[in-house]
Amino acid sequence: LGENYDKSIAYYSDTIFHDTVAEKQLVGDFDKALAEKQFCMYLQPQVTSEGKLLGAEALVRWQHPKRGLIFPGDFIEVFEKTGLIYRLDRFVWELAVQKLAQWQKAGRDDLYISVNISTKDFYYMDVYETITSLVETYKIIPSTLKLEITETAIMTGTAGELEMIERFRKSGFQVEIDDFGSGYSSFNTLKDMDVDVLKIDMGFLRTTRPERLERSMSIINTIISLTKTLGLSVITEGVETKEQIDKLTQMGCGIYQGYYFSKPIPVGQFEDTYL
Ligand code: C2E
Ligand code: CA
Ligand code: CA
Ligand code: CA
């Protein structure tokens with residue numbers, strides 16, 4: 001027992017108890033930040049190859065009073081680890097639903113917003129109940145709220161989560177697998193579960209060795225063909241050049257999200273530019 005026991009203790013204490021000072025500060029700042037609405041929603045457009053707007057993904061930013069604008073890469077993981085993430089996600093979902101309600105009242109019921117759902121959200125709240133009650137409160141069309149879930153979230157989930165995804169789809173929500181192809185079980189996920197949209201992991205567009213890019217593009221090509229066979233929509237994320245878009249459009253991709261069209265921008269700027 002001795003040696004392994006010590007190792008496992010060391011492992012747990014490293015991962016759970018030894019947060020860095022910076023992480024502890026972010027966690028300590030959380031309640032106040034949420035109460036003072038320091039978190040805000042940026043929108044990144046999703047468009048056709050011709051640049052016609054279809055909708056947007058909601059991406060959170062933290063306008064920190066001392067540290068300035070902080071990106072999710074610096075806090076999502078810490079909030080997932082500490083169980084705060086569900087409160088942040090609920091807040092972002094509400095911002096998205098409020099915005100959709102406003103657009104729909106103004107006659108723009110053709111636009112959707114995609115929101116991110118963290119794996120950890122399923123542990124801490126009833127995601128189905130939370131989202132459907134937001135939709136009822138603000139009276140939006142359910143199909144205009146897209147739910148982005150990573151394949152890891154789906155595959156590490158229980159049967160309960162698969163059932164929940166079915167319930168969402170039956171209630172008219174669109175469900176999307178985010179970062180498709182980045183996990184260990186992409187095809188298993190598809191086998192076991194019906195979804196509406198695949199978003200191809202942007203890692204396939206970036207290879208450190210240029211001679212591998214062709215292989216990577218064939219994988220994308222195969223994923224796109226698969227979505228046709230299964231009757232799913234497909235989005236390519238992280239497109240930065242015209243060349244990429246031309247290639248992907250030839251392969252049959254219809255929807256794009258990436259810096260070539262726009263970075264994520266504050267809601268006001270999004271509305272000024274696109275609506
Ligand atoms: P994600 O869901 O895969 O979102 C896409 C990320 O790629 C965004 O980073 C976006 O700004 C970036 N991106 C988009 N187009 C391009 C491009 O052409 N080139 C490059 N290099 N990057 C591009 P961001 O906003 O920093 O978010 C990072 C991750 O943080 C997201 O990855 C998502 O996993 C997580 N996240 C963001 N907002 C939320 C949220 O409200 N809730 C949860 N749970 N996670 C969130
Ligand atoms: Ca996403
Ligand atoms: Ca993604
Ligand atoms: Ca991601």
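Just follow the structure's listing: the first ligand is 1, and inside any ligand the first atom is 1.
Glu57 is linked by a side chain to side chain donor-acceptor pair (under 3.5 Å) to Asn116, Lys199, Gln257, counting only residues two or more places apart in sequence or in another chain.
Residue-level proximity to ligand 1 for Val60 is carried by backbone and side chain together, each with a heavy atom below 4.0 angstrom. Residue contacts with ligand 1, taken as heavy atom pairs separated by less than 4.0 Å, involve Arg206 solely via side-chain atoms from C-beta onward. Neither the backbone nor the side chain of Leu88 has a heavy atom within less than 4.0 Å of ligand 1. Contacts between Glu80 and ligand 1 below 4.0 angstrom, taking non-hydrogen atoms only, are absent altogether.
Inclusion of Asp121 in the set of residues having an N or O under 3.5 Å from an N or O of ligand 1 is not warranted. For Asp89, a nitrogen or oxygen atom sits less than 3.5 Å from a nitrogen or oxygen atom of ligand 1, counting backbone and side chain alike. Note: an N/O pair closer than 3.5 Å links Asp178 and ligand 1 by distance alone. By the 3.5 Å distance cut-off applied to N or O atoms, Glu148 is not counted among the residues near ligand 1. Distances between N or O atoms of Gln44 and those of ligand 1 include at least one value under 3.5 Å.
For atom 11 (O) of ligand 1, the nearest non-hydrogen atom from the set Ala58, Pro264, Gly238, Ala96 belongs to Pro264. Between Ser118, Pro72, Gly258, it is Pro72 that holds the heavy atom closest to atom 29 (C) of ligand 1.
A donor-acceptor contact closer than 3.5 angstrom is absent between the side chains of Tyr256 and Gln244. Defined by atom type and a distance below 3.5 Å, a donor-acceptor pair is missing between the side-chain atoms of Glu151 and Thr189. Between the side chains of Gln102 and Lys105, no donor-acceptor pair is found at a separation under 3.5 Å. Checking Gln269 against Tyr42 by side-chain atom types alone, no donor-acceptor pair falls below 3.5 Å.
Between the Ca ion (ligand 2) and the N, O or S atoms of Glu148, the shortest distance is to OE1. As for Asp179, its N/O/S atom nearest the Ca ion (ligand 3) is the one called OD1. The atom of Glu57 that is an N, O or S and sits closest to the Ca ion (ligand 2) is OE2.
Counting only heavy atoms from C-beta outward, the side chains of Leu147 and Val115 approach each other to under 4.5 Å. Counting heavy atoms from C-beta on, the side chains of Leu190 and Leu198 come closer than 4.5 Å. Here the side chains of Leu43 and Glu271 are not in contact, with every heavy-atom distance at 4.5 Å or above.
Taking every heavy atom of Ile76 and a limit of under 4.0 angstrom, the matching atoms of ligand 1 come to 43 (C), 45 (N), 46 (C). Using a 4.0 Å cut-off to heavy atoms of Met202, the atoms of ligand 1 that qualify are 5 (C), 6 (C), 7 (O), 12 (C), 13 (N), 22 (N), 23 (C). Here is the list of ligand 1 atoms found below 4.0 Å of a heavy atom in Glu57: 2 (O), 4 (O). Near Glu237, meaning under 4.0 Å from one of its heavy atoms, ligand 1 places the atoms 3 (O), 4 (O), 5 (C). Each of the atoms 3 (O) of ligand 1 lies under 4.0 Å from some heavy atom of Asp179.
Distances from the Ca ion (ligand 3) show that Asp178 has an N/O/S atom below 3.0 Å. Put simply, Glu237 gets within reach of the Ca ion (ligand 3), with an N, O or S atom under 3.0 Å from it. With a cut-off of 3.0 Å, the Ca ion (ligand 2) has an N, O or S atom of Asn116 in range.
Just one of Phe30, Tyr124, Phe91 meets the ring-ring contact (aromatic ring centres under 6.0 Å, His included) condition when paired with Phe79; it is Phe30.
Using a 4.0 Å heavy-atom cutoff, Lys263 is absent from the residues neighbouring ligand 1.
Applying the side chain to side chain donor-acceptor pair (under 3.5 Å) definition to pairs two or more places apart or across chains, those involving residues 125-136 are Tyr128-Ser171.
Ring geometry, Phe39 versus Trp62: the interplanar angle falls from 30° to 60°, so the pair is classed tilted.
More than 12 heavy atoms of other residues, nucleotides or ligands sit less than 6.0 Å from atom CD of Glu240.
Here the closest non-hydrogen pair linking Leu53 and Pro45 is CD1-CB, 3.7 Å. When all heavy atoms of Val267 and Met41 are compared, the closest pair comes out as CG2-O, 3.2 Å.
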